[in-house]
Engineer: 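Structure provided below as C-alpha cells; questions to follow.
The model shown is predicted, which means the values in this text are computed figures rather than measured ones.
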Amino acid sequence: VQLQASGGGLVQPGGSLRLSCTASRSIRIYNTMGWYRQTPGNQREFVAGIVSGSVIYENFVKGRFTISRDGAENSFHLQMDSLDVGDTTVYYCYLATDRMLWGPGTQVTVSS
C-alpha cells in the first residue's frame, strides 16, 4: 500500500484546511491510521489518530481538528479549523499494517 497526502496549502489564521490521505488500494481492513506533523527540530509529533474506531487527539489540536474515515475504501481525512501560525509545518499521514507506512507529507502554511 502506498499513501499520498493532499490538501495542504496557504491559509490565513483562523482559516480551515482539509487534508486527505489516499491509499493505492482499499484500507478498509486496517484499524490504525492518522496524522503526524514535523516539529522545528525535524522530529514528528502526533496530531490525531484512529485506533479501532476510536479517535485520539493531541492536546494542542483538540476542538480544532477532526479526523475521519467517512466510510471511504481508501482514504481518511483531517479537517483542520481555527488554524494558527503554530500549525505551519509538513503533515504526514500514516497507516499501520504489518509495519508503519507513511505518505510523503503535505505542507500547511498559516500566514496573514
Side-chain angles (χ1 to χ4, degrees):
V1 179
Q2 292 182 322
L3 304 178
Q4 181 65 52
S6 61
L10 173 63
V11 64
Q12 292 187 341
S16 299
L17 286 172
R18 186 175 190 245
L19 305 185
S20 294
C21 186
T22 303
S24 56
R25 62 171 175 81
S26 174
I27 57 172
R28 190 174 289 279
I29 63 170
Y30 301 115
N31 296 318
T32 301
M33 62 198 68
W35 297 87
Y36 275 68
R37 68 186 188 183
Q38 188 167 322
T39 69
N42 274 343
Q43 302 295 313
R44 289 187 185 179
E45 64 179 357
F46 177 76
V47 175
I50 298 173
V51 181
S52 297
S54 296
V55 297
I56 306 169
Y57 297 100
E58 189 55 71
N59 284 337
F60 55 73
V61 303
K62 281 184 180 178
R64 301 190 300 128
F65 293 7
T66 304
I67 188 171
S68 66
R69 293 186 72 165
D70 295 334
E73 281 282 340
N74 67 334
S75 63
F76 56 97
H77 312 281
L78 184 68
Q79 177 67 38
M80 305 190 297
D81 299 319
S82 301
L83 286 162
D84 63 44
V85 293
D87 296 315
T88 295
T89 188
V90 180
Y91 287 72
Y92 299 90
C93 60
Y94 70 90
L95 176 71
T97 61
D98 56 343
R99 64 188 192 279
M100 200 75 150
L101 303 179
W102 295 91
T106 185
Q107 175 71 46
V108 170
T109 302
V110 185
S111 175
S112 55

Engineer: Going by heavy atoms in the side chains, are L19 and V108 under 4.5 Å from each other?
Structural biologist: yes
Engineer: Can you sort out the partners of S16 under side chain to side chain donor-acceptor pair (under 3.5 Å), two or more places apart, ordered by chain and number?
Structural biologist: D81
Engineer: Cation over ring, R44 on W102, under 6.0 Å and within 45°?
Structural biologist: yes
Engineer: Mind checking what makes side chain to side chain donor-acceptor pair (under 3.5 Å) contact with D84, not counting sequence neighbours?
Structural biologist: none
Engineer: With salt bridge (Lys or Arg N to Asp or Glu O under 4.0 Å) as the rule and sequence neighbours excluded, what pairs involving residues 92-112 come up?
Structural biologist: none
Engineer: Mind checking what makes ring-ring contact (aromatic ring centres under 6.0 Å, His included) contact with F46, not counting sequence neighbours?
Structural biologist: Y36
Engineer: Quiz question: by atom type and distance under 3.5 Å, do the side chains of S20 and H77 form a donor-acceptor pair?
Structural biologist: yes
Engineer: Mind checking salt bridge (charged side-chain N to carboxylate O under 4.0 Å, His left out) for E45 and listing every partner two or more places apart, or none if nothing turns up?
Structural biologist: R37
Engineer: Test: salt bridge (Lys or Arg N to Asp or Glu O under 4.0 Å). Region: residues 51-62. Which pairs qualify, not counting sequence neighbours?
Structural biologist: none
Engineer: Kindly write out the residues that satisfy ring-ring contact (aromatic ring centres under 6.0 Å, His included) with F65, not counting sequence neighbours, or none if the list is empty.
Structural biologist: none
Engineer: Enumerate donor-acceptor pairs with a distance under 3.5 Å from any side-chain N or O in residues 1-11 to protein atoms, sequence neighbours excluded.
Structural biologist:
none

Engineer: For the backbone of G63 and the side chain of Y57, can you confirm whether one donor and one acceptor N or O come within less than 3.5 Å of each other?
Structural biologist: no
Engineer: Please name all residues satisfying side chain to side chain donor-acceptor pair (under 3.5 Å) with S75, sequence neighbours left out, ordered by chain then number.
Structural biologist: none
Engineer: Tell me, please, which residues at least two apart from Q107 pass side-chain contact (heavy atoms from CB on, under 4.5 Å).
Structural biologist: T88, V90, T109
Engineer: What pairs of residues pass the salt bridge (Lys or Arg N to Asp or Glu O under 4.0 Å) test when at least one of them lies in residues 5-25, not counting sequence neighbours?
Structural biologist: R18-D70
Engineer: For the atom pair CZ (F60) and CG (D87), what is the distance rounded to the nearest 0.5 Å?
Structural biologist: 8.0 Å
Engineer: Could you pull out all residues at least two apart from N42 that satisfy side chain to side chain donor-acceptor pair (under 3.5 Å)?
Structural biologist: Q38
Engineer: Strictly distance-based, threshold 3.5 Å: is any side-chain N or O of Y30 a donor or acceptor partner for the main-chain N or O of S26?
Structural biologist: no
